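Take a look at the structure set out below.
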Amino acid sequence: MSLIDKVKQAGVVGAGGAGFPTHVKLGASVEWYIANGAECEPLMHKDRELMTHFAAEIVAGLLLAADSTRSRPAIGVKRKNRAAIAALKDAIKKSDVKLCYFDDYYPAGDEYEIVHTITGRLIPPQGLPLDVGCVVNNVETLYNIYNADRGVPVTETFMTITGCVRNPLTTWVPIGMRAIDVLDLAGGTTIDDFAIMESGLMMGKVIQDSNQPVTKTTGGLIVLPQNHNVISRYSKTQKQMDRIGHAACDQCSYCTELCPRYLLGYDVQPHLVMRSLGFSHLGAEIWSTYAQLCCQCGLCTLYACPEALYPREACMKSMNDLRAIGRGKWEGARAVKPHATKEFRRVPVRQLMTRLGVQRYEAEAGYVRMHVQPSAVTIPLKQHIGAPSEPLVKKGESVQKGQLIARPPEGQLGATIHASISGSVSAIENDRIIIEA
Ligand code: SF4
Ligand code: SF4
């Protein structure tokens, strides 16, 4: 069986957050296959820990992927992660893997940034790494490719559990385990009135229901006090954000001057997008086009704006509005040229943490090997880009850990799903399968 088929059968998707089915990327013909280990979300350490403790598996997965696509393998890693670098150096010894170092800035792990830093190539506006001969996979995805080659499907996700918990750590967690139970793996919370952020403070989201299950793309859980500034920033409605932005934006343009995509040479100008808030429908699209190349990194909203406004959210709204009227496709200049001051305007993660007010929550959160056995798991049928998978099991049926329980409709983009624990199927609802141990 080809690697593509094995990866498809194992249900491997982009573990960095996007959830794109990985077997599709393996079918590409490219020059570079890049492992993204340049983790940059504050407080998150799962990629660092994975590279430190599972470097051989990641490199094996990378070499398999590079071989399948006949490309050159490379790994991007933060210079500060010395233990991970030592482990990777050891693992790549007899191979031609290129190790590339990144300083500790945000967002070093952005695909456009990583492709530019490693290859010198600039992805065209609204393009993909594929457009410049590259595939980028998160290091956990490559670990999963290694497992898929051995016939082991994706049943766990590697996560950092940190913030207001007793023992911050990073470990493997069965897919479908409830967020609130995952916190117990780290000794439980240290406060009563808390909120949980999933997969990062900058690009993650606040979990509304702590019974929500973790999925293949969950990279971590961060517990913060309910009244923490970051949580408050995420609690506004679109209407509130629009109203404040319309009234208070003084067009200082700090949001644009620090925007990493703007500095990389793309025509993203959030301060101009903020002008769209002054229009109802007619006229707003003139300013909305300056949002189209935004990657939603959040720096403008959570770091740059001195008035604590919401330029990222204005960009997201503008992009949706343009798509709704059939104007979502970029029609501006194709040429991209990095800004002359790009390198001097990097945002160090430490400085970002100070701005967010989360320095006190920074913890080592090292890898702890655990045997996690939840009493039940709730496995969503859509954890990926594409069509939701269709159940292959029935209520009352016994399943074994690793057994195929759902697959995408014939001919449609999607990913297979496997039981993450052994037990009995207690319910099949519209969008999920519940298994009790
Ligand atoms: S940084 Fe804030 S105040 Fe300044 S232009 Fe951007 S949104 Fe407006
Ligand atoms: S979220 Fe803001 S800073 Fe980030 S790419 Fe979009 S406009 Fe630029």
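No hydrogens, no waters, no symmetry mates; every other heavy atom, side chains included, goes into these values. Just so you know, these numbers come straight off a predicted model, no measurement behind them.
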Evaluation steps, side-chain hydrogen bond (donor to acceptor under 3.5 Å, both in side chains), between Asn81 and Arg48: CA-CA 7 Å; Asn81 293 333; Arg48 179 198 72 195; 4.7 Å; no

Residue pairs fulfilling ring-ring contact (aromatic ring centres under 6.0 Å, His included) with at least one residue in residues 308-329, sequence neighbours excluded: none

Any side-chain heavy-atom pair of Asp104 and Cys40 under 4.5 Å: no

Before accepting this row, confirm whether a basic side-chain N of the pair [X]/[Y] lies closer than 4.0 Å to the acidic partner's carboxylate O.
X: Arg261; Y: Asp110; answer: yes
X: Glu140; Y: Lys46; answer: yes
X: Arg72; Y: Glu31; answer: no
X: Lys93; Y: Asp90; answer: yes

Are side-chain N/O atoms of [X] and [Y] paired as donor and acceptor at under 3.5 Å?
X: Tyr106; Y: Gln351; result: no
X: Arg275; Y: Gln251; result: yes
X: Gln212; Y: Glu198; result: yes
X: Glu41; Y: Ser199; result: no
X: Thr155; Y: His418; result: no
X: Gln269; Y: Asp267; result: yes
X: Thr160; Y: Thr162; result: no
X: Asp47; Y: Asn138; result: yes

Parallel, tilted or perpendicular: rings of Phe54 and Trp172 (30°, 60°):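 Correct class here is perpendicular.
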
Set of side-chain hydrogen bond (donor to acceptor under 3.5 Å, both in side chains) partners for His116, sequence neighbours left out: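 Applying side-chain hydrogen bond (donor to acceptor under 3.5 Å, both in side chains) to His116 gives none.
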
Heavy-atom closest pair, residues Val115 and Arg121: CG1-O, 3.7 Å

